[in-house]
Amino acid sequence: MVLDRALALLLVVALGFLLPRFMPGDPVELQRASDLDLGLAAAQRETLRQEMGLGGSLGEQFLTYCAALLSGDLGFSVAHAAPVSQVVAGALAWTSLLVLLAFPIYLLIGPWLGIESGLAPERPLGRGLLVGLSALGSVPPYAVSILLLWLLAVAVPLFPLGGAEALLPPADPLVRIAGVLHHAALPALALATHEIVRFFFLSRGATLALSLRPFVINARARGIAGWRLRVTYLARSLAPVLAGRLGDTLAGQFSVVLFVEIVFSYPGIGLVIHEAIRARDLALLQGAVICLAAAILVLNALLDGLAGRLARRG
């Protein structure tokens, strides 16, 4: 497993290096055509090319890039005028906040609705949940983000339109934290919506299967119902299945976050990658992709270990 993840990271490094270079146009010339052009001389343009890691042949660029990675140097972002590590660290902090806030939303609502539907698949509640969640799952994440933004920030202005905090943050740390959470609530809800649907169907199918197991049949025959049946018998048995799903879920979250952060102008890693592509900031694009892939691989390893422990405990 460790070797597989190491190979996956190496593949991401190689693709992160090659794919931006296959994009049409010369990044240096595109920079000159942008607002960054300050009438650079030929020698200055060559210096810029070297700083962007575009000097020498493709093989030389790759070896130089790998050597820099091994030394912990992710390069310098021309667009942000700052080290890539500094830009990515700040963006990952904001994205991690969204992912952490979305986590309890889909992990509680999705299985709860799935258990309710699985216990009564032929009743109006069960059928209604199935139809409603099926319809919600067919809506793309960016459309859900736009709908929530219009509904809860424009039509009914309960949340800010975008950003991570107020333009002039308050001096009181508690007030500032409350403001940050207020700004993050709507993007986190948009991020969680698609996973609510996934965990609903996963929990519904598992509940239908568990309902035929002898220990659940005996429990219901003894009159055990309500929250005791749902929590002690069903939710506990679902825990290993849900934990095994979390690795794929987190990877999906970091892909969906690209659309969510663009819609809400949230300064996370998704918005940074989008801006790096638009500005042809190769160093920032490569560094952001590699750091994101490394974070996902580490989280997957931790969650795989958690799922294994839960499965052994039964």
Side-chain angles (χ1 to χ4, degrees), residues 2 5-23 27-28 30-31 34-36 44 46-56 58 60-101 163-165 169 180 183-184 187 250-251 253-258 260-262 264-302:
V2 176
R5 289 186 171 89
L7 291 175
L9 184 59
L10 289 175
L11 180 60
V12 170
V13 170
L15 290 176
F17 172 83
L18 290 172
L19 292 180
R21 285 166 171 77
F22 290 155
M23 295 171 65
V28 175
L30 290 175
Q31 295 286 2
S34 69
D35 293 337
L36 296 174
Q44 293 173 318
E46 184 60 29
T47 300
L48 178 60
R49 183 178 296 276
Q50 295 294 335
E51 290 180 353
M52 295 178 68
L54 298 173
L58 191 63
E60 292 172 341
Q61 293 177 30
F62 184 68
L63 292 177
T64 302
Y65 179 63
C66 290
L69 282 181
L70 292 175
S71 66
D73 181 12
L74 295 176
F76 188 84
S77 171
V78 177
H80 289 261
V84 169
S85 56
Q86 178 181 329
V87 178
V88 171
L92 277 176
W94 289 116
T95 296
S96 299
L97 176 62
L98 287 188
V99 173
L100 288 175
L101 290 177
E165 55 182 337
V180 168
H183 278 77
L250 285 174
Q253 290 275 279
F254 280 105
S255 60
V256 173
V257 81
L258 173 66
V260 173
E261 290 179 351
I262 291 173
F264 290 97
S265 298
Y266 198 82
I269 195 68
L271 188 61
V272 165
I273 291 175
H274 174 68
E275 292 176 346
I277 293 173
R278 292 186 61 186
R280 295 299 296 273
D281 193 338
L282 297 187
L284 180 57
L285 180 58
Q286 293 169 166
V289 169
I290 290 171
C291 290
L292 186 59
I296 292 173
L297 289 172
V298 171
L299 286 172
N300 276 337
L302 295 175

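At a threshold of 4.5 Å between non-hydrogen side-chain atoms, the residues Leu97 and Val180 count as touching. You'll find the side chain of Leu74 reaches within 4.5 Å of the side chain of Cys291, heavy atoms only.
The heavy-atom pair separating Glu261 from Leu271 by the smallest distance is OE1-N, 3.0 Å. Pro267 and Gly163 get closest at one heavy-atom pair: CD-C, 4.4 Å. When all heavy atoms of Ala184 and Leu98 are compared, the pair lying nearest together is O-CD2, 3.6 Å. Taking each heavy atom of Thr95 and Ile269 in turn, the nearest pair found is OG1-N, 2.7 Å. The shortest non-hydrogen separation linking Pro187 to Phe264 is CG-CG, 3.8 Å. Smallest separation of non-hydrogen atoms from Val87 and Ala82: CG2-CB, 4.0 Å.
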Pair Glu275, His80 - check side-chain contact (heavy atoms from CB on, under 4.5 Å), show working.
CA-CA 10 Å; Glu275 292 176 346; His80 289 261; 3.9 Å; yes
Pair Trp94, Val257 - check side-chain contact (heavy atoms from CB on, under 4.5 Å), show working.
CA-CA 11 Å; Trp94 289 116; Val257 81; over 6 Å; no
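Looking only at distances, no side-chain donor or acceptor of Glu165 sits under 3.5 Å from a matching main-chain atom of His183. Checking side-chain atoms of Gln253 against main-chain N and O of Val99 turns up no donor-acceptor pair under 3.5 Å.
A distance of 7.0 Å separates CG in Leu258 from CD1 in Ile277, rounded to the nearest 0.5 Å. The line from CG of Asp281 to CD1 of Ile273 is 12.0 Å long, rounded to the nearest 0.5 Å.
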